[in-house]
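Encoded as C-alpha cells, the structure appears first; notes follow it.
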Amino acid sequence: MSIYFKETYQRSFGTFPLKGAELHDAIQHAAEVGYRAFDTAQMYENEADTGAALKATGLSRDDLLITTKVNISNFTEDTFIPSVEQSLTDLQIDKTDVLLLHWPAPDGNIAPSLRLLEKAAKDGLCKHIGVSNFTAQMMRDATSIIETPLVSNQVEFHPLLNQDILLAAASETGIPLASYCSVARGKVFDYPLFAEIGATYGKSAAQVVLGWILQKGVSVNTMSTKRTNIAANFDVMDFTLSSVDMARIEALTATGYRIVGKDLVPFAPDFD
Ligand SMILES: NC(=O)c1ccc[n+]([C@@H]2O[C@H](COP(=O)([O-])OP(=O)(O)OC[C@H]3O[C@@H](n4cnc5c(N)ncnc54)[C@H](OP(=O)(O)O)[C@@H]3O)[C@@H](O)[C@H]2O)c1
C-alpha cells in the first residue's frame, strides 16, 4: 500500500444516495476542495453517474482513489466477476482502487464471497480489496480464509456509537476501519459538546467529529451536497484534539445510536 493511498484514503467522499445533477455537482465541489478518494457501490445505482462526474472533473485517473462495493445479490460464481466488470464499465475505468464486499453474506458464510473478491484482485479488476459491515469475528475469520490483505472494514462509526470491539479487532487483524455515517446523518448536531469543543480549536462541530474519528485511527467517509460542508469536512487535518477532549467525546459513545441496523437492513449481521 503506497503512502499516497494511505494519506488519500483517510478522507473519502461518499456518494450515497446522490444521483444525476446533484451527484455531479457534489463531486465537482469535492474535487475542487481537494478530495481524491470517492466511494460508491453497485447498490447505490450511481456508478455510471459517478464515473461521468469524475471524468468531468478533469482529474488524472492516477490521482483518484475509487472505491466500489459488490452487492450481496452478486455473491455467486456466475455473477460476481461480471458484476465487477459492469461496475468498471459504468465507472469508465479499467480497475478500481478498492473493491469491497458491501455486506457479509446473509447466511453468515463469508468464505465464498471473500474468495471471489480475492479472485477479482488476482484478475486485475482492483488494486486493493476490503469489506464492509463485518463483525469482529468475521474480520478475524477473513484473515485465515484469504491471503490478500484487506485494506478496510467500512462500518458505521461516529461518536454516538461505541465501536471498541471493532477497533480491537482492527488492531488484532491489521484490517483498518473506515467510517460511514460519520456525522450520524446529522444526529451529532443535537449534542452541543462538539461546537463547544470546536470553539477552542477554531473548528466547527462537524470538523471536531471527523477529527475525533481520524484520531481513533479510522479513515473518514462523508457525504454532503453543500459546498461549505464539503469544504469543512475536508479541512480536518490541521488540529489535534487533546486527550481530555477525546475523552469527553468518548463518553457520548454510550449513547448507542445505531443508524444502519437490522430494522433498516434485515440481512445485517448481529453487530458487536
Ligand atoms: N458501507 C455501507 O454499508 C454504507 C452505509 C451508509 C453509507 N455509506 C457510505 O458512507 C457515506 C457517508 O455516510 P452517510 O452519507 O450515510 O452519512 P453522514 O456522512 O453521516 O451524513 C450525511 C448527511 O450529513 C450532512 N452533513 C455532512 N457534512 C455536514 C456538515 N459539515 N455540516 C452539517 N451537515 C453535514 C449532509 O447534509 P448536507 O448535504 O446538507 O450537507 C448529509 O445529509 C455515504 O455517502 C456512502 O458512500 C456506506
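Ligands are counted one by one from 1 in listed order, and the atoms in each one are counted from 1 as well. Model, not experiment: these values are computed from the prediction.
For the pair K187 and Y257, the cation sits on the ring face: its NZ or CZ lies under 6.0 Å from the ring centre, inside 45° of the axis.
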Inset, instruction - Take H102 and F75 through the test ring pair (Phe, Tyr, Trp, His ring centres under 6.0 Å) and record every step on the way to the result. - result: CA-CA 10 Å; H102 203 148; F75 284 5; 9.5 Å; no
Result block: side-chain N/O donor-acceptor pairs under 3.5 angstrom for residues 48-56, not counting sequence neighbours:
unit_1, atom_1, unit_2, atom_2, d
D49, OD2, G20, N, 2.8
T50, OG1, N46, O, 2.7

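Contact check for M138 versus N153: no side-chain heavy atoms found under the 4.5 Å cut-off. In this structure, the side chains of I27 and F38 come closer than 4.5 Å at one or more pairs of heavy atoms.
Residues with a heavy atom under 4.0 Å from ligand 1: G14, T15, F16, D39, Y44, K69, H102, S132, N133, Q154, Y180, C181, S182, V183, A184, R185, F189, A206, N221, T222, M223, S224, T225, K226, N229, N233.
Donor-acceptor pairing under 3.5 Å is lacking for the side chains of E22 and T225.
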